[in-house]
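Worksheet: the structure to be examined is printed underneath.
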There are 2 protein chains.
Amino acid sequence: MNHPYDIDATRLPDISTFEGSLAQRVYQSIKQAILALDFPPGANLRKAPICAQLGVSRAPVADAITRLAAEGLVDVVPQSGTRVSYFSMDEIREGAFLREALELATVAKVARDLTEDQRKKLSRNVRLQELLIEDEDIAGFYHADEEFHALLMAFTGMLRLPDVAQTVSLQVSRARMLLLPTPGRIAETLAEHRAIFDAISAHDERAAQDAMRHHLGQLMPRIERLQQERPQLFNLNPQNTREAG
Amino acid sequence: MNHPYDIDATRLPDISTFEGSLAQRVYQSIKQAILALDFPPGANLRKAPICAQLGVSRAPVADAITRLAAEGLVDVVPQSGTRVSYFSMDEIREGAFLREALELATVAKVARDLTEDQRKKLSRNVRLQELLIEDEDIAGFYHADEEFHALLMAFTGMLRLPDVAQTVSLQVSRARMLLLPTPGRIAETLAEHRAIFDAISAHDERAAQDAMRHHLGQLMPRIERLQQERPQLFNLNPQNTREAG
DNA sequence: ACTATCATACTAACATGCTAGTTGACAACA
DNA sequence: TGTTGTCAACTAGCATGTTAGTATGATAGT
């Protein structure tokens, strides 16, 4: 009933880019296309063109789609078809909530247990962020930003934590792709990162959590503005179904 | 090198117990057998007996195993076999950490937004717990305990939260099956639940979090004692591999 | 013109055959 | 007896044929 347009399979990254089994590589290829919005919300995810483009049979593609459905990136309609899921403010809000829960637990633990070596690595990352802003390297700053949060999670010693955090906030990451980074926002982000870093360095759990909460709190209002501007990407009529594990 | 004994497929719950696609039902059947320790850690998960027992072909079974591997309940060795994963203190600790992060965020939000209707439902659950203890209905109390936490998560309005919380702490749930509930521990648990309930009713975020943290903190020491008693269930030599999403 | 009915062309789900790689046992040998 | 090489049996991964259910568009009826 909505936009039954098909995906453009040629936008799939080649599977030789990735490693692992065929199914694993197909999964990563499709996932990247969805997260980069090369496969827009609502698009029909047809198996045949994907098989043709990637040069594989239907089995690994079906396997990949099963995993994507479990993560909520696609909606499978039995015996009918598979579509890239629309944005849903409910799901995005939930992803942000889960993400915040994990980030707060992370900074608390890191503020408690920070070693001198870890402090140096964080400090280096923050100073790198300064440099990249001076050079107006937006993409570089985006990458350093991701690394800042990844470092914190790595310091907890929890191996699966980065993966879990990424999975629960997939919808948030996808929506974030649509937000244009302005110089003003980037400068603010740096200041927020620095506040987090300072609180952690001082081993001040509570201050670190407050700083992180403030930092993460900047995102949702911007996404909500996005919904006003591009409502066609969102599912206003929530006919989505999701199975329980 | 370890115990290459096979699973006893007859312990699989019949798939007519569940609903959804064949693959979905096979997944739930195997998952239940693993969590109930009917399939013990290290056991060889052979496809053929599973297909025979459940009366399905290999396709839905393979699909189910893919999902179980993603959740870390089984370890797939390519071109060799699939085994039920051993307990790992690292993974259990991580699961407890993630679970605590989510539960703390949950009680904070619920303490903030609690409605009178929700308060009544919680109160009813706590009083039910009292009754079940009086009747010495251990299984009933276990169930009410689960429901207590499920209610809190439901009250946040986050639809996926219960599922995420369950998934990240699957290993903890499995290990918990081995802990024998003593009357003393059950009485303590009730007191802890009541403390959480009181703090939430008073809309005291911090007290609710402290109470929840104390409550969840009781579990890990008991599991660590378990490791001393039954080390054969744990992977002392961590040769586990897990792919990143 | 507008609606109800039905046939056709799609799809996911499932079954099954094939391939290649790992493992473990056994034999040949030191 | 201890070690190494070979082989057979088993596995997951992959390809492909089959089935059944859904949606769409043509057609017939009003």
Side-chain angles (χ1 to χ4, degrees), chain A residues 1-7 9 15-16 18-30 42-70 73-85 239-243, chain B residues 1-7 9 15-16 18-30 39 42-70 73-85 239 241-243:
Chain A
M1 67 182 284
N2 271 315
H3 311 256
Y5 54 84
D6 291 350
I7 57 165
I15 55 173
S16 60
F18 308 103
E19 54 188 10
S21 68
L22 265 187
Q24 173 76 4
R25 284 183 279 169
V26 171
Y27 162 77
Q28 294 196 45
S29 177
I30 300 177
N44 212 346
L45 202 69
R46 296 181 57 237
K47 274 209 190 83
I50 295 175
C51 295
Q53 173 69 26
L54 299 181
V56 300
S57 78
R58 285 152 24 208
V61 175
D63 198 286
I65 288 180
T66 299
R67 297 183 58 181
L68 292 167
L73 285 179
V74 302
D75 293 323
V76 177
V77 183
Q79 268 70 31
S80 170
T82 301
R83 273 167 286 282
V84 178
S85 63
Q239 70 276 11
N240 290 14
T241 56
R242 189 95 62 250
E243 80 292 330
Chain B
M1 67 183 283
N2 271 314
H3 310 258
Y5 54 85
D6 291 351
I7 57 165
I15 55 174
S16 60
F18 308 103
E19 54 187 9
S21 67
L22 266 186
Q24 173 76 6
R25 283 183 279 170
V26 171
Y27 161 77
Q28 294 196 44
S29 177
I30 299 176
F39 290 179
N44 213 347
L45 201 69
R46 295 182 57 239
K47 274 210 190 82
I50 295 175
C51 294
Q53 173 70 24
L54 299 181
V56 300
S57 77
R58 287 156 20 211
V61 175
D63 199 284
I65 288 180
T66 299
R67 297 183 57 182
L68 293 167
L73 284 179
V74 302
D75 293 323
V76 177
V77 183
Q79 267 70 33
S80 170
T82 301
R83 272 165 287 281
V84 179
S85 64
Q239 72 277 12
T241 55
R242 187 97 60 252
E243 81 292 331

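Letters A, B, ... mirror the listed sequences (proteins, then strands); counts begin at 1. For the numbers below, each heavy atom of this structure counts, side chains included, while hydrogens, waters and symmetry mates do not.
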- prompt: Rounded to the nearest Å, what distance is computed from the CG atom of residue Leu22(B) to the P atom of nucleotide dA13(C)?
  reply: 11 Å
task: Start with the C-alpha gap between Lys47(A) and Ile65(A), add the side-chain angles, then the distance that decides, and say whether side chain to side chain contact (heavy atoms under 4.5 Å, CB included) holds.
output: CA-CA 9 Å; Lys47(A) 274 209 190 83; Ile65(A) 288 180; 4.2 Å; yes
- prompt: Nearest-Å distance, CG (Leu54(A)) to P (dG13(D))?
  reply: 19 Å
statement: Taken to the nearest whole Å, CG/Asp75(A) to C1'/dT11(C) is 16 Å
message: For dA12(D) and Thr82(B) - does any side-chain N or O of the residue sit under 4.0 Å from the phosphate oxygens OP1/OP2?
response: yes
- request: Considering just the side-chain nitrogens and oxygens of Ser80(A), establish if one lies under 4.0 Å of OP1 or OP2 belonging to dT22(D).
  value: no
- request: Applying side chain to side chain contact (heavy atoms under 4.5 Å, CB included), run through Asp63(B) and Val26(B) and close with a yes or a no.
  value: CA-CA 9 Å; Asp63(B) 199 284; Val26(B) 171; over 6 Å; no
field: Integer-rounded Å distance: dC14(C) P and Asp63(A) CG
entry: 14 Å
task: Look at Lys47(B) and dT11(D) and indicate whether a side-chain polar atom (N or O) is within less than 4.0 Å of OP1 or OP2.
output: no
field: Atom-to-atom span, CZ of Arg46(A) to P of dA23(D) - whole angstrom
entry: 16 Å
query: Atom CG of Asn44(A) to atom C1' of dC10(C): distance rounded to whole Å?
result: 10 Å
message: Does either side chain, that of Gln24(B) or that of Arg67(B), offer a donor lying less than 3.5 Å from an acceptor on the other one?
response: yes
- line: Taking dC14(D), dG17(C), dA12(D) as options, the one with an atom nearest any side-chain atom of Val76(B) is dA12(D)
- prompt: Given that Ala48(B) and Pro60(A) both sit by DNA chain D, which one's nearest nucleotide is further toward the 5' end?
  reply: Ala48(B)
message: Whole angstroms only, please: what is the CZ-P distance between Arg83(B) and dC10(D)?
response: 16 Å
message: Taking any heavy-atom pair under 4.0 Å as a contact, classify Ala23(B): base, sugar-phosphate, or nothing.
response: sugar-phosphate
message: Closest approach to the side chain of Gln79(A), judged atom by atom: which nucleotide of dT16(D), dG21(D), dC14(C) is it?
response: dG21(D)
field: Nearest-angstrom distance from the residue atom CZ of Arg58(B) to P of dA15(C)
entry: 11 Å
message: Quick check for you: to the nearest 0.5 Å, what is the distance between Leu68(B) atom CG and Ser85(B) atom OG?
response: 9.5 Å
field: Least distance between heavy atoms, Ala23(B) atom then Ala64(B) atom
entry: O-CB, 4.0 Å
